[in-house]
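Here is the naming used below: chain letters follow the sequence lines, and residue numbers restart at 1 for every chain.
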There are 2 protein chains.
Amino acid sequence: MAKVRGSDAGPPLDGRTAWSCVAALFMGPQNHSRFNEAAQELGLTAGALKALLTIHHHGEQPMRDLATALHCDASMITQIVDALEARGLAERVPSPTDRRVKLVRLTRAGHRAFDRAMAHLSVAPEAVLRLSAQEQATLARLLLKALSLADPPIDPPNLRPAR
Amino acid sequence: MAKVRGSDAGPPLDGRTAWSCVAALFMGPQNHSRFNEAAQELGLTAGALKALLTIHHHGEQPMRDLATALHCDASMITQIVDALEARGLAERVPSPTDRRVKLVRLTRAGHRAFDRAMAHLSVAPEAVLRLSAQEQATLARLLLKALSLADPPIDPPNLRPAR
DNA sequence: TATTGTTATACTCTATAACTATA
DNA sequence: TATAGTTATAGAGTATAACAATA
């Protein structure tokens, strides 16, 4: 397979092009509402689902840190964590070192909710499933490798029911 | 490279796993707000940007069809198209066959806005850029192929300034 | 009468400001 | 005094309902 180059021969074969394709697939007509759908399925707002993903990713952490990660005001976090707590997906724990601080962490149900959300977000577009089995395997291998190269590394997908 | 299989040997190497990785990367801390950012950069709401992408994808179409594609009420479309029109990104054209119907289409500025939005959405995560040049090339090739297999086929990314 | 699109209005989600408790 | 989190309130975005024009 020869490398295609030059101004009129197509886009450069690099990571940027690769991710452009991902964006095109993700924003395609069949996918562009996945996130909101996943949130609705869990009875959450988009903001609350974002928070849930972030808590899962960073683990137990102060409310304040969550506000920083989500680029929003602390009061927003109060409301969002209220919603998560009301649904039994997260809980507040007093910090052992600073009595002003409350830590947030996911409950067992919260982890299950995370898995459900990712399952919904992971439904592959038709176009990807039309690649040959071998091509899909190569794609999966490369992307799993990318996950492992992230800093910090991202866990490989958990496609089975729940933890 | 041997194929890894079995219940404890890792996720299956298929399209679903591949797309799960994409979702994990897309929803990662550095990426999960890209869509809103892209909208804000253009001075649009998320809904308006969705509409812009849809109009680009489907081309000139009745307001009603847009409402169907976006799963929302027609009145929402009125408001969104008002916003796009106010920014010179789209325009209403009377249907030649049915005087009740108005067609919506992107202006030249609208197409430029689309390109800007996609450029913003296409910024690859660090993790992808850490793959070797050859791995990135393979990834790009496979994803470009997937785009071409979509129904209807999706245009390869336009990474240069504007049309 | 049925359908397209608009206008008017209410609701949800998010952002801003003032407040309490602790450091 | 400075910081963490909460409460109260206002604003933006979206959805619902009633309406005018055309089929």
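The 5' end of DNA chain D is approached more closely, in terms of each residue's nearest nucleotide, by A:K102 than by the other of A:K102 and A:Q79. Take the nearest nucleotide of DNA chain D for B:L44 and for A:P62: the residue whose nucleotide is more 5' is A:P62.
In this structure, of C:dT6, D:dT6, D:dT14, it is D:dT14 that holds the atom nearest to the side chain of B:M76.
In this structure, the side chains of A:L25 and B:V22 stay at 4.5 Å or more apart for every pair of heavy atoms. Between A:I55 and A:L52 the shortest side-chain heavy-atom distance does not fall below 4.5 Å. With contacts defined as side-chain heavy-atom distances shorter than 4.5 Å, the pair B:H57/B:I154 qualifies. In this structure the side chain of B:L131 reaches within 4.5 angstrom of the side chain of A:K145, judged on heavy atoms.
Separating the CD1 atom of A:I77 from the P atom of C:dT16 is a distance of 14 Å, rounded to the nearest angstrom. A:N36 has its CG atom 9 Å from the P atom of D:dA15, to the nearest Å. Atom-to-atom, CG of B:L103 to P of C:dT4 comes out at 13 Å; the value is rounded to the nearest Å. A straight line from CG of A:L49 to P of C:dT12 spans 20 Å, rounded to a whole angstrom. A:R64 has its CZ atom 15 Å from the P atom of D:dA2, to the nearest Å. B:H71 has its NE2 atom 12 Å from the P atom of D:dA15, to the nearest Å. Atom P of nucleotide D:dG5 and atom CD of A:Q61 are separated by 10 Å, given to the nearest angstrom. One atom, CG of A:L66, and another, P of D:dA4, lie 14 Å apart when rounded to the nearest Å.
Classification of the B:F114-B:H56 ring pair by plane angle, with boundaries at 30° and 60°, yields parallel.
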Checklist outcome for this item: Protein-proximity profile, nucleotides 17-23 of chain C, B/S/- by nucleotide at the 4.0 Å heavy-atom cutoff, equals B----BS
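With hydrogens and angles left out, the side-chain atoms of A:D65 and A:T68 include no donor and acceptor closer than 3.5 Å.
More than 12 heavy atoms of other shown residues, nucleotides or ligands fall within 6.0 angstrom of atom CD in A:E41.
Sorted by residue number, the list of members of residues 83-96 of chain A with any non-hydrogen atom under 4.0 Å from DNA chain C is empty.
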Item to check | salt bridge (Lys or Arg N to Asp or Glu O under 4.0 Å) between A:D98 and A:R100, intermediate numbers included | outcome: CA-CA 5 Å; A:D98 186 335; A:R100 289 174 306 179; 3.0 Å; yes
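Separation of the B:F26 and A:W19 ring centroids falls under the 6.0 Å cut-off.
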